[in-house]
Number of protein chains: 2
Amino acid sequence: MSHACGHDHDHVHTLDSGRIDARLSEARRLCEAQGERMTAPRLRTLELILSENAPVKAYDVIDRFHPDGAAKPPTVYRALAFLEQMGLIHRIESLNAFVACQGHADGKAVQPHAAAFLLCDCCGSSEEVAVSLPEIDQQASASGFETRRVTLEARGLCKACR
Amino acid sequence: MSHACGHDHDHVHTLDSGRIDARLSEARRLCEAQGERMTAPRLRTLELILSENAPVKAYDVIDRFHPDGAAKPPTVYRALAFLEQMGLIHRIESLNAFVACQGHADGKAVQPHAAAFLLCDCCGSSEEVAVSLPEIDQQASASGFETRRVTLEARGLCKACR
DNA sequence: ACTGTTTATGTTATTACATAACAGATACCG
DNA sequence: CGGTATCTGTTATGTAATAACATAAACAGT
């Protein structure tokens with residue numbers, strides 16, 4: 001996880017394990033509430049993503065999945081697809097990576113939702129922000145375009161790295 | 001180039017070759033004006049991207065590069081990076097593809113600029129629209145984040161496909 | 001409980017996307 | 001013309017993602 005600034009920022013675990021457990025339980029409840037199954041590989045995948053405070057590559061999850069040796073890619077990619085559908089994680093397109101959703105920290109159930117991200121090119125950190133998009137909505141309807149999903153990612157330098 | 005709707009929309013050449021030539025000459029001029037070289041592989045890459053009215057995959061360019069046989073990936077990826085720096089094409093992150101810039105149709109020289117895209121999941125077409133992003137700019141400065149580059153992509157259905 | 005159905009996982013293999021590293025060629029500048 | 005910077009060619013490899021099919025677990029109806 002080496003970045004443009006030349007630093008390494010590996011394994012910055014800001015969430016303690018208690019906090020992670022709480023979010024895993026919350027995720028469990030959210031799945032039950034929707035009649036979906038929170039299975040072992042899905043839970044493990046979510047755990048690994050929650051344990052980083054920055055977007056995580058699919059193959060990092062694959063490598064760390066088992067204590068001894070990697071998981072098979074489809075196992076993890078299927079889990080990632082599920083978690084994304086449930087609104088528990090987001091895919092960061094410009095990084096080919098995944099980050100835990102920060103949009104329902106208060107425990108509210110949320111529909112899969114669009115979100116914007118501030119992504120630091122130096123330390124790799126990610127901040128999720130909520131924005132409305134009146135201009136592009138307007139441009140879309142002016143073109144007769146029906147928007148299903150919006151990707152909005154700002155790349156740059158976070159406060160700490162500037 | 002098969003899409004969600006089940007149709008194939010291969011090789012929809014909406015720009016006639018005269019129009020493409022005009023844009024290639026324009027690109028040449030733009031490079032000269034900035035002291036950059038518009039070399040053969042760069043021109044060929046741009047030509048192939050201009051010949052589609054939808055985002056083109058890097059390996060499609062690679063495959064079509066020579067009349068008989070493919071180019072080597074680095075040749076094309078280098079050309080793509082150059083053309084993007086020059087603001088002649090844009091990378092579409094959510095598609096891993098590249099599309100010609102539609103933002104300077106009047107011949108004005110343009111700095112590399114952010115742009116938003118309406119991307120049809122059915123026919124694969126792309127429309128570039130100009131939007132300002134007051135909300136995310138505001139959120140970024142509130143967080144002390146310095147934005148360098150913004151990706152804004154709306155996926156959905158275009159007018160024709162609805 | 002049995003059985004059919006649905007949903008999820010395991011496994012092998014392959015496909016798609018992208019870059020590192022170095023050698024050779026071409027443009028540009030004094 | 002010779003040195004330097006830039007670009008291209010080539011080989012090899014690294015990284016990201018999915019197809020296809022086999023197996024297993026959950027669940028609903030009888």
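Note on naming: letters A, B, ... go to the chains in the order of the sequence lines (proteins, then strands), and numbering restarts at 1 for each one.
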Using heavy atoms to find the nearest nucleotide of DNA chain D for Pro73(B) and Phe65(B) separately, return the residue whose nucleotide is more 5′.
-> Phe65(B)
Strictly below 4.0 Å: does [X] bring a side-chain N or O up to OP1 or OP2 of [N]?
X        : N       : result
Arg91(B) : dA18(C) : yes
Thr75(A) : dT9(C)  : no
Lys72(A) : dT9(C)  : no
Thr39(A) : dT9(C)  : yes
Lys57(A) : dA16(D) : yes
Asn96(B) : dA18(C) : yes

Tell me the interatomic distance from [X], atom [atom1], to [N], atom [atom2], rounded to whole angstroms.
X        : N       : atom1 : atom2 : result
Tyr77(B) : dT13(D) : OH    : P     : 19 Å
Phe98(B) : dC17(C) : CZ    : P     : 10 Å
Arg42(A) : dA26(D) : CZ    : C1'   : 12 Å
Leu43(A) : dA8(C)  : CG    : C1'   : 15 Å
Glu36(B) : dC28(C) : CD    : P     : 11 Å
Phe82(B) : dA18(C) : CZ    : P     : 20 Å
Asp60(B) : dA18(C) : CG    : P     : 12 Å
Tyr59(B) : dA16(C) : OH    : P     : 10 Å

Is it true that Glu47(A) and Arg44(A) have a side-chain N and a carboxylate O under 4.0 angstrom from each other?
->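 Answer for the salt bridge query: yes.
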Salt bridge between Glu93(B) and Arg91(B), side-chain N to carboxylate O under 4.0 Å?
-> yes
Heavy-atom nearest nucleotide on DNA chain C taken for Ala58(B) and for Arg37(B); more 5' hit belongs to Ala58(B)
Do any N or O atoms from the side chain of Lys57(A) and from the backbone of Leu95(A) form a donor-acceptor pair under 3.5 angstrom?
->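 Yes, the answer is positive, given that a donor and an acceptor are paired below the 3.5 Å cut-off.
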Is the distance between the ring centroids of Phe117(B) and His90(B) less than 6.0 Å?
->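 Yes: the rings meet the under 6.0 Å criterion.
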Using a heavy-atom cut-off of under 4.0 Å over every strand shown, decide if Pro41(A) touches base, sugar-phosphate, or nothing.
-> sugar-phosphate
Under 4.0 angstrom, heavy atoms only, what part of the nucleic acid is Arg78(A) near: base, sugar-phosphate, or nothing?
->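 Base, at least one base atom sits under 4.0 Å.
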When rounded to the nearest 0.5 angstrom, what distance separates CZ in Phe82(B) from CE in Met38(B)?
-> 5.5 Å
